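Contents: one structure, followed by commentary.
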Amino acid sequence: MPGLIKREDIDEVRQRTDIKEVVDGYVTLKGAGLGTFKGLCPFHDERSPSFTVRPQVGRYHCFGCGEDGDVIAFVQKQDHSSFQEAVEKLAARIGYELRYEDGGTGPNREEVGRRQRLLDAHKIADEFFRAQLLTPGAAEARTFLHGRGFDRAAAEHFGVGYAPQGWDALLKHLRGRGFTDAELKLTGMFSAGGPGNQQRIYDRFRGRLIWPIKDIAGDTIGFGARRLYEDDQGPKYLNTPETTLYKKSQVLYGIDLAKRSIAKDRQLVVVEGYTDVMACHLAGITTAVATCGTAFGTEHIKIARRLLSDDGTGGEVVFTFDGDAAGQKAALRAFEEDQRFTAQTYVAVEPSGADPCDLRQSRGDEAVHALVQSRRPLFEFAIRTTLKQFNLDTVEGRVQGLKASVPVVAAIRDASTRTGYCQALTGWLGMPDPNEVLRLVNAEVKNAGKRGDQGGAPGPGPRTSAPTAQPGGPGVAAGPPSGAVPSYHRPDPRDPVASMERQALEVALQEPSLLAGGIWERFSVARFATPAFQAVHDAMRATDPALTGDPVRWVEQVMHEVPEPLRPLVSELAVVPLPASTEEAVRKYCRDILSRLFELQITRVKADKMGQLQRLDPAADPEAYQRLNRELMMLEMERRSLRAET
């Protein structure tokens, strides 16, 4: 029977797992200081990277949306899995055998979560299809691949397979591996037929060439299948339908193979089909991906932007489309989504109508490279495509072309780029006065903005986003007004005392080993003027000092001890980069900050005792007067000693 995973095993999995390696499978991370990494947040759409990972303490925190957690929480949110499923996945990743409470065991094949069962079925089906490609019955499939310039090595690299003719080859195979019909119905790999409740399932893909469609982590989540035989009455291409795993609006074929190159080269090439992705990769364009039966949309853009690190510092997206009317229409649809990118977007259209696969087959790898290099800015393509509809040799045609092009130019959000294309449009139309085009475009921008304000479609003006928390602020949520939970207000960032207290907590959370011995005694008796920071300090005092040698467990335990509204603050303090570039510099910085904290405490105690001394009558109580003077002298010596150490 399944049971709860033992707590010590959960801790072990958390400690043994490198959170950066896990996050790297979803987000392109770059160094942001010693031991700290940043990337675009996978939990919200952003232009500047604010998602921060600190492997030493095993946590991540987004300074934009506030999402935070450890490696288990990250897997839970990315895979939409339960806590137990996330732990089990991470344990399997590092080869760690989990133990369960009350004699329980981990889930067996029949008891695993629905998602994992679906992944298991797809993995087995993927292996089955690939094996079938080598059988005598797959001769037509191998001929098709060979005819398009793909050898056996290429087929193996992309995992291409073959679905045998017949109705139940895959069905029998998966049943033989322990899957029930009820489970198989959820995979999308089977269709159902027959009267009423007597419906039976049968293979969805029959007599077809098969491509596995994988998610960014490399798990097979669906399949694409091409018709091979003339008696097949189905569509030319048949994909997995929408399932729990497979959402076509979120899927990019080849993303598992292309993600590293996309991140490295800051380039994404969008092609139209499976063979085009294969051709591009084999030609050396390893940044190519394709959508699966749908237009390139908002969800695809989110994936692409994270891999591109689309933060305004460069990068390019190249859409390749056929030169026919359908291809031009697809390019204009891409224009509608273009400005969700800060990277430069382009269109590459082959005049002959050949796709990358055809180009590679007929003219070699160089032709595929030439196609990508021939790219034109998407704005230019959209405007010129609009103008092609009119006879610009006539006055009437030029007027019609101007009227049709003005909304296209007005849709460009960046004002400088919009002005530049006003000038370009003036030249393409052969108009003498560029100010006339600019006037019409600005009027359209203004009118579109009014339509957006009145509840219509949003205008083309710059998009704005909700304010985000800054890395320098504590990002503290206030408690309820009932008084049951204290209200922790954001301190003024210009307050030097609050700033110093924050830095001290950052050091104590990220480098707890520095609190060993007498340092911990000094730290534990410190007082913080900022209520939120004092609450975090109280949580540290309630945590076992022995954990200071284990940063991951130390931060986790402090998170448990702190009031819930302050947990995002603890997460933030634990991952914010420390201003040092070497290990030695980090140690010096941390020692200096702690010394400043201790000196501040001495100053506060001195101020208290000086007040007592001033209120005391030396003649009435000479003993107390002398004692206070001695204590003040000792405090001053301690303060000087601290300064000497730093």
Side-chain angles (χ1 to χ4, degrees), residues 148-149 236-237 252-254 258 261-262 265-297 300-301 304 308 315-341 343-392 401 404-405 407-409 411-412 417 420-421 424-425 427-429:
R148 281 156 180 76
K236 183 177 179 181
Y237 282 95
L252 288 171
Y253 173 72
S261 294
I262 293 170
D265 299 339
R266 304 290 301 279
Q267 180 194 66
L268 176 75
V269 177
V270 183
V271 297
E272 292 196 310
Y274 307 121
T275 57
D276 293 331
V277 172
M278 294 175 70
C280 284
H281 279 247
L282 294 173
I285 309 294
T286 55
T287 57
V289 298
T291 58
C292 299
T294 186
F296 193 87
H300 298 127
I301 289 172
L308 285 167
E316 64 179 35
V317 180
V318 182
F319 295 96
T320 68
F321 299 104
D322 293 344
D324 57 15
Q328 292 188 3
K329 185 177 180 181
L332 293 178
R333 282 200 305 268
F335 171 76
E336 295 174 4
E337 298 288 353
D338 162 81
Q339 291 160 100
R340 293 180 185 273
F341 288 105
Q344 183 67 52
T345 49
Y346 299 89
V347 170
V349 177
E350 168 57 36
S352 68
D355 56 33
C357 182
D358 294 334
L359 282 176
R360 179 174 178 268
Q361 188 180 357
S362 61
R363 291 157 47 192
D365 293 348
E366 296 77 10
V368 180
H369 280 273
L371 170 64
V372 175
Q373 291 168 0
S374 71
R375 64 197 184 281
R376 285 187 291 163
L378 186 53
F379 294 145
E380 176 187 336
F381 179 84
I383 298 168
R384 284 187 175 274
T385 300
T386 301
L387 292 176
K388 281 182 181 178
Q389 303 172 45
F390 307 99
N391 181 4
L392 301 184
S405 299
V408 178
V409 179
I412 300 173
T417 305
Y421 275 102
L425 178 58
W428 294 334
L429 289 170

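Every heavy atom of this structure was used, including side-chain atoms; hydrogens, water molecules and symmetry mates were not. What you see is a predicted model; the values in this text were computed from it and never measured.
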If I take atom CD from residue Gln344 and atom CZ from residue Phe379, how far apart are they, to the nearest 0.5 angstrom?
7.0 Å

Inter-residue atom distance Arg148.CZ - Thr275.OG1, 0.5 Å rounding
7.0 Å

For residues Pro356 and Leu371, report the shortest heavy-atom separation together with the two atoms involved.
CG-CD2, 4.0 Å

Measure across Leu387 and Ser405 and return the closest heavy-atom pair with its distance rounded to 0.1 Å.
CD2-OG, 3.2 Å

Thr385 side chain vs Ala382 backbone, donor-acceptor pair below 3.5 Å
no

Check whether any side-chain heavy atom of Thr294 lies under 4.5 Å from a side-chain heavy atom of His300, and answer yes or no.
yes

Please report the shortest heavy-atom distance between Asp276 and Cys357, naming the atom on each side.
OD1-N, 3.2 Å

Within the structure provided, determine whether Gln267 and Val372 are in side-chain contact (heavy-atom separation under 4.5 Å).
yes

Under 3.5 Å: donor-acceptor pair, side chain of Arg360, backbone of Gly149:
yes

Under 3.5 Å: donor-acceptor pair, side chain of Thr291, backbone of Glu272:
no

Determine whether a donor-acceptor pair (N or O, by modelled atom type, separation under 3.5 Å) exists between the side chain of Arg266 and the backbone of Leu308.
yes

With rounding to the nearest 0.5 Å, note down the distance linking CH2 in Trp428 to CD1 in Ile383.
5.0 Å

Could you state the interatomic distance from CE (Met278) to OH (Tyr253), rounded to the nearest 0.5 Å?
6.0 Å

Check Val347 against Val349 and note the closest heavy-atom contact, atom names and distance.
CG1-CG2, 3.4 Å

Scanning both residues in full, the closest heavy-atom pair of Gly254 with Val277 reads CA-CG1, 4.4 Å

Do you know which two heavy atoms are closest between Pro377 and Tyr346, and how far apart they sit?
N-CD2, 3.6 Å

Gap separating the CG atom of Asp365 from the SG atom of Cys280, nearest 0.5 angstrom
10.0 Å

Would you sort out whether His369 and Ile285 count as a side-chain contact (heavy atoms from CB on, under 4.5 Å), showing the intermediate values?
CA-CA 7 Å; His369 280 273; Ile285 309 294; 3.4 Å; yes

Yes or no on side-chain contact (heavy atoms from CB on, under 4.5 Å) for Phe319 and Arg375, after CA distance, side-chain angles and deciding distance?
CA-CA 8 Å; Phe319 295 96; Arg375 64 197 184 281; over 6 Å; no

